[in-house]
Amino acid sequence: MNRFSSLKRLVESLKQSDYKNDTVDLMFKFDQPCDAASVDWAKDVQWPFGSVQVQIANTNMGLRQAWLEAWQPQTLDDRAIILEDDITVSPLWYQWIQAMYDHYGHRHDLAGFSLQRQQLVPLKERSGDKIHHNDNEPFLYNLVGSIGYAPNAQVWRDFIEWTKCSLCKGQEQDVSIPELIVTDWYKRTNQRMMWTQHFTYFTKHYNLFTLYQFPSNSKCMGAHWRAKGAHFGSSLGQDFQTAQQEDFEFKFPQVLTRYDWGFRPVPVEPKLRTIVITSAVGYTSLSNFENFVGTLRKFYQGDVTMIVGEAVPEQILTFLTKHRIDTHKTEEGRSWAEFNKFRFSFYSTNCSMETYDYCLALDFRDVIFQGNPFPTSLQTETADVLLYAHSKDWSLSNDVGRSYLNNLMKCHGAHYRTKVLNKPVINAGGVLGTPFFFLQMLDLMLNEDLKCFDDQILLNIGIYGGLIKKVKQHKVFDQGIGIINNVAYGDRFTKDSYGRYGGRDCFLSPIVHQFDRKDQEPPLNEKCSGW
């Protein structure tokens with residue numbers, strides 16, 4: 001589409017900005033079919049602030065793919081802004097973006113920054129509501145603003161990787177959010193022309209926000225000229241005037257108000273009290289501890305406690321001290337049944353009601369971390385325990401289920417067989433629960449009327465057989481969904497171009513269990529090469 005005049009208007013507004021002697025490169029990206037005059041003009045643009053590059057697509061991509069290919073961060077410190085051609089910017093835009101990056105770029109809930117004077121309240125039940133003026137007060141909003149968007153580099157990189165999987169043929173994910181009007185628009189439109197629905201779905205999963213600041217006098221940092229094209233059947237003209245110095249005041253409040261999709265302030269929830277607990281008895285190789293502790297500390301700085309054997313080398317103890325791991329030595333050589341009793345007693349003792357809301361008990365050797373093991377959704381969780389299944393069920397039709405059924409019959413006879421039959425095998429190598437749940441699990445483990453004391457069997461008959469009766473609610477997640485992804489025994493997963501494991505929904509798995517197994521299935525998205 002020929003929007004030569006719009007493109008020239010955008011570049012002229014960019015030239016009027018103050019770049020403070022920074023090097024700022026300019027890249028033009030043209031979709032097909034493209035206007036030859038626009039391309040030739042872009043190649044000759046005089047841009048004294050940095051380099052100029054021109055890239056032309058080989059085929060028609062559509063607006064969604066054009067956005068997805070607009071920027072590929074090379075490092076997590078990279079900064080960029082993505083501008084469609086029917087935008088003009090305030091002379092203050094660059095100073096504002098840089099200042100916001102410097103003050104708030106470290107936030108874990110930040111998706112990016114928008115120049116837009118956002119007007120949309122997408123929540124259907126509040127769709128008639130208006131956004132407050134909030135003159136010159138920065139704030140965070142659940143909804144992205146695509147009119148001049150500067151993404152957080154890590155968020156954008158992970159979003160691009162997620163779309164490569166979630167848009168792959170045969171692996172497409174339903175990105176509907178029924179309570180939002182934007183989902184209705186997405187379903188009615190040519191979906192190749194709307195990238196924001198996928199980004200909204202992605203940011204919903206991670207509870208991310210876009211940062212805005214509205215100048216005074218109904219001005220904006222980035223004006224949308226609403227030219228005829230993918231979004232408008234005819235040209236509607238400029239939505240707001242761009243801000244000048246007299247319209248704007250730089251402010252950096254320590255606490256930013258966060259607004260949900262209904263533009264309602266998000267309550268500040270008390271921080272959850274959490275702990276990771278594991279047993280590393282019998283392991284003396286530093287590499288095992290580097291896999292578990294090294295990856296965990298990239299994402300989680302909270303409490304961690306660990307049992308180790310008496311023979312653990314001093315080098316490992318030094319490593320654990322450096323990473324602030326509360327370490328407890330214990331004797332080695334117990335039987336598996338006795339060790340399980342000791343282990344769950346240790347879990348329950350360290351997961352005290354006075355100190356913690358949720359505790360995460362994990363296997364050690366075959367676990368790595370790719371994200372924070374305690375998701376933000378825990379703030380509103382009502383279940384006492386969250387459990388994660390294998391793809392195989394308790395059945396004679398598969399090797400895993402048949403093996404567990406045989407062990408169950410040896411230990412408990414046929415009594416619990418009907419309780420577990422054809423239900424997913426719950427993995428005991430990763431349990432996220434309240435202190436109350438771990439007390440119940442310890443009672444089960446110490447029950448002398450039961451035999452074998454195998455944690456896998458007892459957890460499954462405890463949940464499916466109703467032996468853990470007092471928990472108010474439990475949740476069992478299907479394999480490949482949720483924070484723990486079990487990836488062995490025929491379990492399925494996805495992988496991104498960085499080799500990171502994802503679930504069946506293509507989202508990165510915060511915790512990967514059995515990552516070191518050599519008999520893994522190929523990734524579900526193995527044949528996907530992109531969008």
Side-chain angles (χ1 to χ4, degrees), residues 278-283 288 334-344 347 361-368 385-433 441-442 444-468 474-482 484-493 501 503-504 509 511-524:
T278 190
S279 169
V281 175
Y283 296 102
N288 290 136
R334 294 182 178 92
S335 69
W336 180 236
E338 289 304 312
F339 181 72
N340 267 326
K341 293 179 184 179
F342 166 76
R343 184 163 59 110
F344 276 87
Y347 291 170
L362 291 166
D363 282 357
F364 171 73
R365 177 191 54 79
D366 55 358
V367 168
I368 57 172
V385 63
L386 308 180
L387 301 164
Y388 301 86
H390 287 289
S391 58
K392 300 295 190 286
D393 56 16
W394 289 82
S395 167
L396 295 175
S397 64
N398 66 83
D399 291 342
V400 175
R402 183 163 51 250
S403 174
Y404 282 128
L405 279 173
N406 288 338
N407 289 335
L408 176 65
M409 294 291 288
K410 290 176 184 177
C411 292
H412 304 288
H415 181 67
Y416 293 107
R417 187 177 185 275
T418 56
K419 302 289 187 181
V420 301
L421 198 61
N422 298 323
K423 292 184 171 64
V425 174
I426 300 170
N427 179 34
V431 177
L432 177 57
M441 190 65 195
L442 177 61
L444 188 64
M445 192 66 67
L446 298 179
N447 187 340
E448 295 297 333
D449 293 334
L450 301 173
K451 301 176 183 178
C452 294
F453 304 105
D454 180 278
D455 58 330
Q456 188 87 354
I457 290 177
L458 288 181
L459 179 61
N460 277 265
I461 65 174
I463 294 297
Y464 295 138
L467 297 182
I468 303 178
H474 70 264
K475 292 182 180 178
V476 179
F477 290 87
D478 290 339
Q479 188 273 322
I481 301 297
I484 301 177
N485 196 355
N486 304 302
V487 296
Y489 304 115
D491 293 336
R492 303 309 304 272
F493 53 87
Y501 288 86
R504 293 171 182 263
S509 303
I511 304 167
V512 183
H513 181 224
Q514 298 160 331
F515 76 96
D516 58 350
R517 291 294 296 254
K518 304 300 183 185
D519 56 348
Q520 293 177 358
E521 295 291 322
L524 289 166

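- Listed here is the closest heavy atom pair of Arg504 and Leu524: CG-CD1, 4.0 Å.
- Pairs of residues two or more places apart, or lying in two chains, never qualify as salt bridge (Lys or Arg N to Asp or Glu O under 4.0 Å) while including a residue from residues 406-428.
- Between Ser279 and Phe339, the shortest heavy-atom distance links the atoms OG-CZ, 3.2 Å.
- Residues Lys392 and Asn398 approach most closely at CB-OD1, 3.5 Å, considering heavy atoms.
- Side-chain contact, Asn427 with Asn486: a donor N or O sits under 3.5 Å from an acceptor N or O.
- Smallest separation of non-hydrogen atoms from Gly430 and Leu362: CA-CD2, 3.7 Å.
- At a cut-off of 3.5 Å, with distance as the only test, no side-chain donor of Asp363 or Gln514 sits close to an acceptor on the other residue.
- Two rings, from Tyr501 and Phe515, have their centers 6.0 Å or more apart.
- Remark: the Trp394 side chain and the Asn460 side chain contain an N/O donor-acceptor pair separated by less than 3.5 Å.
- In this structure, the separation between CD1 on Ile481 and OH on Tyr388 is 11.0 Å, given to the nearest 0.5 Å.
- Taking each heavy atom of Val487 and Val512 in turn, the nearest pair found is CG2-CG1, 3.9 Å.
- In summary, Asp516 and Arg365 engage in a salt bridge, as defined by a charged side-chain N under 4.0 Å from a carboxylate O.
- Salt-bridge formation is detected for the pair Arg343/Asp455: a Lys NZ or Arg NE/NH1/NH2 atom is positioned less than 4.0 Å from an Asp or Glu carboxylate oxygen.
- Counting all heavy atoms, side chain and backbone alike, Met445 lies closest to Leu458 at SD-CD1, 3.5 Å.
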